[in-house]
Amino acid sequence: GPPVTPLPTGEPCGEVTGLCSTGKLISYDDCQSFDSTTLRWCTLSGVRLNRLNIHQQPFQEQLFDLLTATGPRVPTTIGFGGAKGGGKSAGARSCALLLAAEIGKKYPGLTVTIVRRVSDDLKKNHIDELFLAYPELRQHYHVADKELIFDGAGRIAFAYAETTDDVKRKFTGGYQSAFIFVDEAQ
């Protein structure tokens with residue numbers, strides 16, 4: 001999982017002070033996210049215990065920045081590859097959490113989807129790993145739907161598609177997701 005970065009000390013849980021994404025020094029409660037080199041804070045569903053330390057490698061931060069960019073010349077399809085164990089899956093998870101938290105607060109109900117080819121791989125590589133890193137998220141997980149649903153924010157759907165027919169059946173003809181991470185495109 002991601003390296004554990006301790007919460008700042010010497011301050012009450014709800015009043016962390018730091019640089020907001022706007023660059024101003026303010027209290028945590030006044031800001032949706034706290035950025036510091038490779039550390040992002042987010043609160044999901046307004047539950048203080050759900051404050052997450054989301055550590056991203058520099059290339060994962062670049063991916064998140066691409067995903068949240070706006071304007072007429074922004075790509076709508078992004079390919080991200082690399083060697084086994086290079087952080088692609090962890091990047092998809094961290095970006096999905098940040099998107100569900102940050103953009104989901106602006107657009108409640110926003111769906112972010114993570115797709116793997118095999119159901120068991122989806123569980124082992126994404127769902128289990130997510131709960132190892134962030135056990136407090138388990139309370140938001142709906143097993144039957146394979147979704148993390150955050151009240152007042154976005155949600156993360158976990159899906160698998162083993163064949164071309166599965167892809168057509170599941171993801172064409174009206175499937176709605178603002179972001180889809182295909183982890184393992186073969």
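Sequence positions, counted from 1, serve as the residue numbers for this chain. Everything numeric in this text was worked out from a predicted model, so none of it was measured.
Asp183 and Ser89 are linked by a side-chain donor-acceptor pair at a separation below 3.5 angstrom, with hydrogens and angles left out of the test. Side-chain contact, Thr113 with Ser177: a donor N or O sits under 3.5 Å from an acceptor N or O.
Of all heavy-atom pairs spanning Phe181 and Cys95, the tightest one is CZ-CB, 3.7 Å. Smallest separation of non-hydrogen atoms from Glu136 and His140: O-CD2, 4.2 Å. Nearest heavy-atom pair, Ala100 versus Ala153, reported as atom, atom and distance to 0.1 Å: O-CB, 3.5 Å. Nearest approach of Gly86 to Phe59, heavy atoms of both residues: O-CZ, 3.2 Å. Residue Leu137 comes nearest to Leu148 through the heavy atom pair O-CD2, 3.4 Å, listed as atom of the first residue, atom of the second, then distance.
Leu67 places none of its side-chain heavy atoms less than 4.5 Å from the side chain of Ile103. Inter-residue side-chain proximity for Val112 and Leu110 is flagged as met; some heavy-atom pair is nearer than 4.5 Å.
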- Task: May I have the step-by-step check of side-chain contact (heavy atoms from CB on, under 4.5 Å) for Lys146 and Leu122, ending in yes or no?
- Result: CA-CA 10 Å; Lys146 285 192 173 87; Leu122 177 70; 4.2 Å; yes
- Using the side-chain contact (heavy atoms from CB on, under 4.5 Å) rule, take Asp166 and Phe171 through it: C-alpha gap first, then chi angles, then the decisive distance, then the call. CA-CA 8 Å; Asp166 283 347; Phe171 299 107; over 6 Å; no
- Message: Pair Phe158, Tyr141 - check side-chain contact (heavy atoms from CB on, under 4.5 Å), show working.
- Response: CA-CA 11 Å; Phe158 298 93; Tyr141 187 62; 4.1 Å; yes
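By the 6.0 Å and 45° rule, Arg138 stacks over the aromatic ring of Phe131. With a 6.0 Å cutoff to the six-membered ring centre and a 45° limit on the axis angle, Lys170 counts as a cation-pi contact of Tyr160.
Comment: Glu147 engages Arg155 in a salt bridge, judged by a side-chain N to carboxylate O separation of less than 4.0 angstrom. Taking the charged nitrogens against the carboxylate oxygens, Asp120 and Lys124 do have a contact shorter than 4.0 Å, which makes a salt bridge.
At distances below 3.5 Å, not a single donor-acceptor pair connects side-chain atoms of Glu102 with backbone N or O atoms of Leu99. Checked by atom type and distance alone, the side chain of Ser94 never pairs as donor or acceptor with a backbone atom of Ile54 at under 3.5 Å. With Arg93 contributing its side chain and Ile114 its backbone, the two residues share no donor-acceptor pair below 3.5 Å.
Grouping the Ile, Leu, Val, Met, Phe, Trp and Tyr side chains by contacts below 4.5 angstrom, directly or via other members, places Tyr107 with Leu97. Under the 4.5 Å side-chain heavy-atom criterion for Ile, Leu, Val, Met, Phe, Trp and Tyr, Leu66 and Val74 are members of distinct hydrophobic clusters.
To the nearest 0.5 Å, the span separating CD1 on Ile127 from CG on Asp121 amounts to 11.5 Å. Atom-to-atom distance recorded for Ile156:CD1 and Thr111:OG1 is 10.0 Å, nearest 0.5 angstrom. Interatomic distance, Thr68 OG1 to Leu63 CG, rounded to the nearest 0.5 Å: 9.5 Å. Ile78 contributes atom CD1, which lies 8.5 Å from atom CZ of Phe179 (distance to the nearest 0.5 angstrom). For the atom pair CG (Leu98) and CD (Glu61), the distance works out to 9.5 Å, reported to the nearest 0.5 Å.
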